[in-house]
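Quick notes on the structure that follows.
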Number of protein chains: 2
Amino acid sequence: MADLNHILKTHGLRTTAIRREVMQYFLNEGKAVSHQDVEGAMPKADRVTLYRTLAALEESGIIHQVIDDDTVKKYALCGTECSGDHHHDNHVHFKCERCNDTVCLEDIKIPHINLPQGYSVDSGNLLLMGTCKSCA
Amino acid sequence: MADLNHILKTHGLRTTAIRREVMQYFLNEGKAVSHQDVEGAMPKADRVTLYRTLAALEESGIIHQVIDDDTVKKYALCGTECSGDHHHDNHVHFKCERCNDTVCLEDIKIPHINLPQGYSVDSGNLLLMGTCKSCA
DNA sequence: ACATTTATGCAACATAGTTGCAGAAATGTT
DNA sequence: AACATTTCTGCAACTATGTTGCATAAATGT
Ligand SMILES: [Mn+2]
Ligand SMILES: [Mn+2]
Ligand SMILES: [Zn+2]
Ligand SMILES: [Zn+2]
């Protein structure tokens with residue numbers, strides 16, 4: 001609890017009950033979650049507030065967007081080095097096509113790719129799909 | 001024209017004016033386009049029909065979804081080897097953050113990534129972001 | 001305790017995508 | 001060419017997802 005407040009403060013955000021609850025939810029889930037998931041977990045909180053909470057957590061470097069093949073936005077917790085100034089989430093994501101869970105593989109970095117002359121690369125997103133440990 | 005009809009037939013689809021127009025639009029654009037883009041290019045066609053046209057072209061292996069960081073679905077033409085049974089679109093995509101165009105880099109394949117025990121990978125999507133040739 | 005700033009909740013709106021169904025067009029058969 | 005069958009198209013209605021404006025509530029700094 002105090003821990004969550006500390007994270008919020010060091011990222012320049014005010015400490016509020018909703019933000020702590022959302023962060024705790026991310027910790028519990030351990031996978032990428034959507035706005036709808038969060039809403040399901042805390043039905044008394046206002047929809048719009050949750051959208052703004054997710055936006056605030058993302059902008060301050062506490063969570064990052066996880067791009068996968070369905071169109072709803074999903075988020076997961078960032079590593080400790082992320083801040084409002086800069087995200088450092090260049091790791092691989094894995095989506096299991098059986099349980100539909102998408103997880104961060106923090107230890108697997110996106111490899112460098114050589115592109116033809118003229119392209120300059122700032123960042124990347126690598127999503128691998130298949131079957132996860134639990135579903136194998 | 002006859003060419004487009006041939007592609008439709010070999011992929012098990014009926015030849016219709018709308019499908020030819022949509023395919024021609026993909027050829028002209030040469031980049032990933034959204035439903036909204038298609039609708040803008042052919043305003044007399046019905047919205048719903050265009051959604052179903054894109055779905056039909058995707059299911060039959062004529063176009064593939066291009067995953068990028070915004071939430072609207074985008075599509076681009078597949079290579080010749082794709083069919084309804086199986087897509088083979090394991091190439092890299094590049095999104096320019098200035099002009100916002102996303103393109104297929106057909107020649108750059110997604111590298112193989114070693115994952116921890118238990119994960120089995122079927123497919124992947126790699127999106128690189130930065131500045132493209134024209135915007136450099 | 002007070003002033004200031006920021007967050008929350010509600011209503012209304014905007015955009016993206018889906019479903020059901022009737023009529024139109026494409027295809028296969030005679 | 002005419003017909004029967006299948007599939008596509010267009011319209012209406014609906015669902016899902018995300019946004020904006022504004023008043024009130026809560027957090028922060030003094
Ligand atoms: Mn991640
Ligand atoms: Mn592609
Ligand atoms: Zn799984
Ligand atoms: Zn560009």
Side-chain angles (χ1 to χ4, degrees), chain A residues 1-2 4-25 32-63 65-75 84 100 102, chain B residues 1-2 4-25 32-63 65-75 84 100 102:
Chain A
M1 216 50 133
L4 297 180
N5 281 341
H6 182 251
I7 295 173
L8 285 165
K9 281 186 181 157
T10 56
H11 288 81
L13 292 180
R14 292 194 176 184
T15 64
T16 73
I18 289 186
R19 287 174 181 171
R20 283 188 297 271
E21 285 173 57
V22 171
M23 288 173 72
Q24 188 58 56
Y25 177 67
V33 300
S34 65
H35 169 269
Q36 187 183 252
D37 294 330
V38 179
E39 202 182 344
M42 23 197 311
K44 55 200 164 209
D46 183 72
R47 261 168 35 82
V48 176
T49 300
L50 292 179
Y51 275 113
R52 293 199 263 229
T53 299
L54 291 172
L57 294 178
E58 188 195 2
E59 277 159 34
S60 67
I62 295 176
I63 62 178
Q65 239 184 278
V66 176
I67 299 172
D68 78 359
D69 59 339
D70 55 52
T71 43
V72 299
K73 283 185 190 170
K74 293 182 186 173
Y75 301 91
N100 275 303
T102 302
Chain B
M1 216 51 134
L4 297 179
N5 280 341
H6 182 251
I7 295 172
L8 286 165
K9 281 185 179 156
T10 56
H11 288 81
L13 292 180
R14 292 193 176 184
T15 64
T16 73
I18 289 186
R19 287 174 181 172
R20 283 188 298 271
E21 286 173 57
V22 170
M23 287 172 74
Q24 188 58 57
Y25 177 67
V33 299
S34 65
H35 170 269
Q36 186 181 251
D37 295 330
V38 178
E39 201 182 344
M42 25 199 308
K44 55 202 164 207
D46 183 73
R47 262 169 34 84
V48 177
T49 300
L50 292 179
Y51 274 115
R52 293 199 264 229
T53 299
L54 292 171
L57 294 178
E58 189 196 1
E59 276 160 33
S60 67
I62 295 176
I63 62 177
Q65 238 183 279
V66 176
I67 299 173
D68 78 1
D69 59 338
D70 55 51
T71 44
V72 299
K73 282 185 191 171
K74 293 182 185 173
Y75 300 91
N100 274 304
T102 302

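On a predicted model such as this, the values are computed, not experimentally measured, just so you know. All chains are named by letter (A, B, ...) in the order of the sequence lines, taking the proteins before the strands, and each is independently numbered beginning at 1.
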> Is the CD atom of B:Glu58 crowded by more than 12 outside heavy atoms at less than 6.0 Å?
Replying inline: yes
> What is the nucleic acid contact for B:Thr49, judged by heavy atoms within less than 4.0 Å: base, sugar-phosphate only, or nothing?
Replying inline: base
> Any side-chain heavy atom of A:Leu8 within less than 4.5 Å of one from A:Thr16?
Replying inline: no
> Is any side-chain heavy atom of A:Val72 less than 4.5 Å from a side-chain heavy atom of A:Gln36?
Replying inline: no
>> Can you confirm whether A:Gln65 is buried at CD, in the sense that more than 12 heavy atoms of other residues, nucleotides or ligands lie under 6.0 Å from that atom?
In response: yes
> Hey, mind stepping through A:Tyr75 and A:Val66 against side chain to side chain contact (heavy atoms under 4.5 Å, CB included) and telling me if it holds?
Replying inline: CA-CA 5 Å; A:Tyr75 301 91; A:Val66 176; 5.8 Å; no
> Of the residues in residues 50-58 of chain A, which ones touch DNA chain C at a heavy-atom distance under 4.0 Å?
Replying inline: A:Arg52, A:Thr53
>> Distance check needed: D:dG18 P versus B:Asp69 CG, whole Å only.
In response: 14 Å
> Rounded to the Å, how far apart are B:Arg47 CZ and D:dC8 C1'?
Replying inline: 18 Å
>> If the condition is ring pair (Phe, Tyr, Trp, His ring centres under 6.0 Å), which residues does B:His11 pass it with, not counting sequence neighbours?
In response: none
> NZ of A:Lys73 versus P of D:dG18: gap in Å, rounded?
Replying inline: 7 Å
> Taking the nucleotide of DNA chain C with the closest heavy atom to each, which residue, B:Val48 or B:Thr15, is nearer the 5' end?
Replying inline: B:Val48
> Any side-chain heavy-atom pair from A:Ile18 and A:Val22 closer than 4.5 angstrom?
Replying inline: yes
> To the nearest angstrom, how far is A:Asp46 atom CG from D:dG18 atom C1'?
Replying inline: 13 Å
>> Could you tell me the boundaries of the chain B footprint on DNA chain C, defined by atoms under 4.0 Å from its heavy atoms?
In response: C:dA16 to C:dT27
> Are the side chain of A:His35 and the backbone of A:Lys74 linked by a donor-acceptor contact shorter than 3.5 Å?
Replying inline: no
> Roughly, in whole Å, what's the span from NZ in B:Lys9 to P in D:dC8?
Replying inline: 14 Å
>> Output the rounded distance in Å from CD1 (B:Ile18) to C1' (D:dG10).
In response: 9 Å
>> Please confirm whether the shortest side-chain N or O distance from B:Thr71 to OP1 or OP2 of D:dT17 is below 4.0 Å.
In response: no
>> Has A:Arg19 got a side-chain atom pairing as donor or acceptor with A:Arg14's backbone, closer than 3.5 angstrom?
In response: yes
